[in-house]
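Here the structure is laid out as structure tokens; the discussion comes afterwards.
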Amino acid sequence: MTKILTLVAALVLAFPCIRGFARWERQGKALRAVVLLLALELFEAAIYDNENLVPRGLFHPGSGSTQLRLPEIFITLALLGRLVAKKLPRRIGFPALLWTAFGAWLAVELVEGFVRGNSHSIALFQAKAIIYVVGGIALACAVPVREYLDAEVFERLTRWFAPLVVVLDVMTAGHQAFAVSLPLLPLPSFGVIGSNAGTMFGALGLITLMLELGKKRRNLWTITCTVPLFLCTVLAGQRAALVGLGASVAFLLLATLASISRRRLRVRPAELFLGVAAVIAIVLAIILVPAAISGRPPQIPFSSTVQTSFHSKGKAESAQSRLNEFSLARQMIPKHLILGTGLGFQYSYYNPGSYMEVTSDLTEDIYTDLWLRTGIIGLALFVVAVLVSLGDGWRVWRRHSDRMVAVLAVALTAALLGFLVKGAFESDFENYGLATILGLFFGMLRSAVTSTATSLPNAPILLDGRNVDERV
């Protein structure tokens with residue numbers, strides 16, 4: 001009876017939500033839905049350090065064994081609102097077709113998992129990646145790319161969340177956390193930076209910094225607000241997040257070496273010199289002032305945090321545990337090489353941390369996970385879709401007529417590359433927050449690609465001055 005009443009209440013609440021999303025679509029305000037979802041995911045990552053332990057409330061609605069998350073509800077209702085307000089596009093581009101095919105193959109693997117007798121609950125959870133990634137792409141790419149830029153979405157999000165992130169940085173550095181119970185928002189351990197927060201805020205800071213470097217008049221306050229976001233990645237203490245951010249920064253450094261960067265980024269030599277000098281001065285002050293006050297030898301700040309992230313005993317045991325997972329998973333892959341084992345598949349491996357055999361449904365590596373669950377077909381669809389999308393982003397950076405669109409494209413490409421590198425150590429699909437951000441970023445990148453047909457080769461066809469696949 002409780003489940004029936006919960007379902008009825010959910011349906012009653014769904015209709016006004018769909019109606020509201022449809023109204024935004026008709027009024028040309030689809031950007032609001034994307035920004036709202038992006039802000040909600042950043043806020044959730046900030047207040048909950050572990051998304052698997054989020055208590056029932058606003059971000060974890062449901063009753064009994066029903067496991068629902070806010071992104072899947074939000075994306076589903078928003079897309080239904082779009083269907084109510086607008087018709088489906090007559091054509092879609094090749095990258096959108098690839099992502100649709102990947103989502104369809106996940107649905108096929110869900111059925112295969114049921115046929116093979118895999119865990120139904122785990123299979124349904126893993127199938128939600130269709131909503132998070134493919135649905136997120138469909139939601140974000142419908143918004144013209146200039147709306148993201150004109151509304152200064154990333155800059156405003158950076159300024160909004162910087163004060164909260166500063167509090168988290170200070171509390172995490174001081175090893176302080178507290179529990180508080182608010183209506184619909186219980187906080188069991190506020191003040192601890194989780195791995196998702198480190199990854200998301202690092203990507204947000206990177207995109208915002210690149211956009212500011214591309215402007216004629218930069219906002220120094222916005223640039224300053226990116227500092228605690230990057231620091232959040234360091235304090236998260238997770239190797240995968242640090243490696244992912246490092247990959248993004250390395251990609252951007254290579255991109256700025258190209259001659260096109262001189263026309264895209266407006267960084268004068270004097271500004272570069274002053275920026276480097278300011279960073280050096282701050283670092284020296286942080287190192288030398290505490291040493292002079294305490295009379296102890298200088299110490300590099302956060303060196304212990306970074307050292308622990310890579311070389312602690314716990315991290316070594318975690319690395320060995322994952323190697324055991326990889327080894328066993330790769331032994332099972334050839335048995336179902338083409339079609340995979342289906343969603344919901346579980347296996348046992350030895351965990352050196354607990355000194356016992358444990359049962360798992362993932363390998364922590366998104367690529368090995370896909371190969372094991374969805375076979376070579378699913379892995380190929382994902383890899384090709386990713387490569388085509390990132391390749392389009394690079395073309396926009398080099399050839400787009402709008403400088404700021406080009407800068408946003410290369411920043412999104414770098415952030416996505418960081419997510420995908422991190423996925424080699426911790427599967428993005430198992431973290432619904434990261435999967436949602438991944439889908440939204442790919443959708444924004446797609447919007448940048450379809451924003452012009454004259455500056456890119458093989459661009460989608462324009463009908464009546466509008467791109468036919470801008471909504472998909």
Side-chain angles (χ1 to χ4, degrees), residues 35-55 57-60 69-71 153-182 184-209 221-246 248-249 282-283 286 290 300-309 312 314-315 415 418-419 422 426 431-434 436-437:
V35 175
L36 180 57
L37 178 58
L38 188 57
L40 286 172
E41 287 310 297
L42 290 171
F43 183 69
E44 181 184 4
I47 63 176
Y48 295 116
D49 62 306
N50 189 337
E51 65 174 15
N52 295 320
L53 301 178
V54 176
L58 177 62
F59 292 97
H60 190 186
R69 301 293 182 174
L70 189 61
V153 170
F154 292 100
E155 296 91 326
R156 291 185 178 185
L157 287 173
T158 296
R159 293 193 293 267
W160 292 346
F161 280 97
L164 176 58
V165 175
V166 168
V167 173
L168 292 175
D169 288 345
V170 173
M171 294 183 68
T172 300
H175 304 286
Q176 299 293 327
F178 61 87
V180 59
S181 181
L182 300 175
L184 296 179
L185 198 64
L187 304 176
S189 58
F190 177 76
V192 179
I193 298 177
S195 61
N196 286 1
T199 303
M200 293 180 189
F201 286 115
L204 175 62
L206 193 71
I207 296 173
T208 300
L209 182 60
W221 173 243
T222 302
I223 295 177
T224 303
C225 287
T226 63
V227 176
L229 270 60
F230 291 127
L231 187 59
C232 180
T233 305
V234 177
L235 291 173
Q238 193 202 38
R239 293 170 296 184
L242 290 171
V243 172
L245 181 60
S248 298
V249 172
I282 293 173
V283 171
I286 293 175
I300 299 177
F302 310 117
S303 59
S304 60
T305 301
V306 176
Q307 182 74 11
T308 302
S309 300
S312 67
K315 295 296 182 180
F419 275 61
K422 179 181 182 294
E426 181 181 274
N431 297 284
Y432 61 88
L434 292 180
T436 301
I437 300 295

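Everything numeric here is computed off the predicted structure, so don't read it as measured data.
Using a 4.5 Å heavy-atom threshold, the side chains of F201 and I193 count as separate. Taking 4.5 Å as the limit, every side-chain heavy atom of W160 sits out of range of all side-chain heavy atoms of L42. Between T436 and R69 the shortest side-chain heavy-atom distance does not fall below 4.5 Å. At a threshold of 4.5 Å between non-hydrogen side-chain atoms, the residues F43 and L185 count as touching.
For the pair C232 and A197, the tightest heavy-atom approach, listed with the atom from each and the gap, is SG-O, 4.0 Å. A177 approaches V192 most closely through the heavy-atom pair CB-CG2, 3.8 Å.
Applying the side chain to side chain donor-acceptor pair (under 3.5 Å) criterion to E155, with sequence neighbours excluded, gives K215. Among residues two or more places apart in sequence or in another chain, the side-chain contact (heavy atoms from CB on, under 4.5 Å) test is passed with A39 by L157, F161. Among residues two or more places apart in sequence or in another chain, the side chain to side chain donor-acceptor pair (under 3.5 Å) test is passed with S189 by D49. Not counting sequence neighbours, V227 has no partner by the side-chain contact (heavy atoms from CB on, under 4.5 Å) test. Partners of T158 according to the side chain to side chain donor-acceptor pair (under 3.5 Å) rule, which considers only residues two or more places apart in sequence or in another chain, are T208. By the side-chain contact (heavy atoms from CB on, under 4.5 Å) test, L70 pairs with L40, F59, sequence neighbours left out.
In this structure, CE on M171 lies 4.5 Å from CZ on F178, to the nearest 0.5 angstrom. One distance of note links CG of L38 with CD1 of I437; it measures 4.5 Å at 0.5 Å rounding. The distance from the CG atom of L204 to the OG1 atom of T199 is 12.5 Å, given to the nearest 0.5 Å. Put simply, CH2 on W221 and OG1 on T226 are 11.0 Å apart, with the number rounded to the nearest 0.5 Å. Taking CE from M200 and CG from N431, the interatomic distance works out to 8.0 Å, rounded to the nearest 0.5 Å. With rounding to the nearest 0.5 Å, the separation of CG in L36 from CD in E41 is 10.0 Å.
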